[in-house]
S.K.: 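Pasting in a structure now, in structure tokens, and then I'll have a few things to ask.
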Number of protein chains: 2
Amino acid sequence: MRPLIHPPIEDITVEGILHALSDPVRVAIYAELAGATCTSICSNFLQVSDRSIPKSTLSQHFRALREAGLVHSERRGVEMHNTSRCMEIEQRFPGLLPAILSAHNVQSADRARAIKRKQAAARKLGS
Amino acid sequence: MRPLIHPPIEDITVEGILHALSDPVRVAIYAELAGATCTSICSNFLQVSDRSIPKSTLSQHFRALREAGLVHSERRGVEMHNTSRCMEIEQRFPGLLPAILSAHNVQSADRARAIKRKQAAARKLGS
DNA sequence: TCTATAGTTCGTAACTTATGAACTAAAGAA
DNA sequence: TTCTTTAGTTCATAAGTTACGAACTATAGA
């Protein structure tokens with residue numbers, strides 16, 4: 001088992017962060033981690049936004065987040081405990097992560113609203 | 001020649017924006033466009049951050065920016081005129097683009113500083 | 001020592017991206 | 001009109017990246 005790679009803060013790039021967060025599963029995971037007050041284990045994310053993720057894929061997603069510098073991971077027994085490195089990144093790129101998370105929230109809210117509207121329309125047609 | 005695709009503002013996604021800007025050439029182009037007060041033609045970017053970009057590649061990069069919703073392009077005669085759609089995006093995802101551009105500036109400044117340091121060290125060794 | 005759990009690695013198929021070569025479309029010159 | 005130049009696009013393909021099942025490792029607990 002190869003060791004976990006956590007880039008030092010000065011090696012973290014904007015491009016790397018944007019690429020890592022340009023995947024819907026990874027932003028969703030990152031948003032959860034950034035909002036959490038304690039560590040989360042990988043298997044908490046086998047279901048993400050109503051989609052189930054194969055565990056090999058999930059493992060790669062965590063690796064991507066880790067190697068982009070977004071999360072810190074630590075093996076504890078059989079589990080992997082993850083936290084967001086948001087404080088550090090906020091120091092280096094102030095405002096970047098909050099802006100991305102807020103945009104992600106806007107988008108989620110818009111989507112939820114669109115789905116509700118669609119369901120209401122379907123009910124109306126059905127009745 | 002297929003028509004230019006400009007997604008309507010409500011179809012623009014955060015993931016799409018982040019993906020488009022996760023390429024160093026594209027952020028550099030976008031940063032220029034966003035800072036400009038008038039339109040820029042594609043061929044202005046055949047040189048970007050000291051790297052020359054083949055024009056077929058450049059064409060694809062502009063397509064990526066356009067289809068992510070980041071830029072508006074318009075053919076005028078033989079040229080393609082591009083502007084950033086920053087106002088619209090600011091409405092939908094407030095603060096997102098400013099934060100990315102500011103992070104990009106931080107990173108550019110850090111890199112410039114690192115290069116200067118290296119050059120100074122090289123001069124010292126050489127003398 | 002056996003079993004279960006949590007995650008990783010590997011192989012491969014599917015997708016994406018970069019680029020040279022050949023192309024189109026407009027503008028201006030002859 | 002026809003030729004030439006300029007600016008950008010499209011296509012084919014090679015290179016790189018990603019997703020995921022199957023097989024694996026490492027730890028914990030029975």
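Below, read A as the first sequence line, B as the second, and so on, with proteins coming before strands; counting in each chain starts at 1.
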S.K.: Side chain of A:Ser59, backbone of A:Lys55: donor and acceptor closer than 3.5 Å?
M.R.: no
S.K.: Between A:Glu90 and A:Gly95 (side chain of the first, backbone of the second, donor and acceptor by atom type, cut-off under 3.5 Å), is there such a pair?
M.R.: yes
S.K.: Using a cutoff of under 3.5 Å, can you pull out all pairs of nitrogen or oxygen atoms linking the protein to nucleotides 13-19 of chain D, with atom names and distances?
M.R.:
unit_1	atom_1	unit_2	atom_2	d
D:dT18	OP1	A:His19	NE2	3.2

S.K.: Is there a side-chain polar atom (N or O) of A:Ser59 under 4.0 Å from OP1 or OP2 of C:dT8?
M.R.: yes
S.K.: Start with the C-alpha distance between A:His81 and A:Glu79, add both sets of side-chain angles, then the distance that settles side-chain hydrogen bond (donor to acceptor under 3.5 Å, both in side chains), and finish with yes or no.
M.R.: CA-CA 6 Å; A:His81 287 247; A:Glu79 295 169 338; 3.1 Å; yes
S.K.: Between B:His6 (side chain only) and B:Ser73 (backbone N and O only), is there a donor and an acceptor less than 3.5 Å apart?
M.R.: yes
S.K.: Taking everything shown except B:Gln91 itself, do over 12 heavy atoms lie less than 6.0 Å from its CD?
M.R.: no
S.K.: Round to a whole Å and report the spacing from CG of A:Leu46 to P of D:dG21.
M.R.: 12 Å
S.K.: Just to confirm, is there a sub-4.0 Å distance from OP1 or OP2 of D:dG8 to any side-chain nitrogen or oxygen of B:Arg76?
M.R.: no
S.K.: Write down the distance between CZ (B:Arg63) and C1' (D:dT10), rounded to a whole number of angstrom.
M.R.: 9 Å
S.K.: Please give, in whole Å, the distance from D:dT10 C1' to B:Glu67 CD?
M.R.: 14 Å
S.K.: I need the CZ-P distance between A:Phe45 and C:dA6, as an integer number of Å.
M.R.: 15 Å
S.K.: Between the side chain of A:Thr57 and the main-chain N/O of A:Ile53, is any donor-acceptor distance below 3.5 Å?
M.R.: no
S.K.: Do the side-chain N or O atoms of B:Arg75 get closer than 4.0 angstrom to the phosphate oxygens (OP1, OP2) of C:dA25?
M.R.: no
S.K.: Take atom NE2 of A:His81 and atom C1' of D:dA26, then tell me their distance rounded to the nearest Å.
M.R.: 14 Å
S.K.: Nucleotides 4-7 of chain D: which of its N/O atoms have a protein N/O under 3.5 Å away?
M.R.:
unit_1	atom_1	unit_2	atom_2	d
D:dA7	O4'	B:Val78	O	3.4

S.K.: Could you state the atom-to-atom distance from CG of B:Leu4 to C1' of D:dT9 in whole Å?
M.R.: 10 Å
S.K.: For B:Ile29 and D:dG8, what is the distance between atoms CD1 and P respectively, to the nearest whole Å?
M.R.: 12 Å
S.K.: Check this for me: A:Arg51, atom CZ, are more than 12 non-hydrogen atoms of other residues, nucleotides or ligands nearer than 6.0 Å?
M.R.: no
S.K.: Side-chain atoms of residues 9-22 of chain B: list all donor-acceptor pairs with protein atoms under 3.5 Å, sequence neighbours left out, distances to 0.1 Å.
M.R.:
unit_1	atom_1	unit_2	atom_2	d
B:Thr13	OG1	B:Gly16	N	2.9
B:Glu15	OE1	A:Gln107	NE2	2.8
B:Ser22	OG	B:His19	O	2.8

S.K.: Between B:Ile5 (CD1) and D:dT9 (C1'), how many Å, whole number?
M.R.: 13 Å
S.K.: Salt bridge check: are B:Glu88 and B:Arg85 linked by an N-O gap of less than 4.0 Å?
M.R.: yes
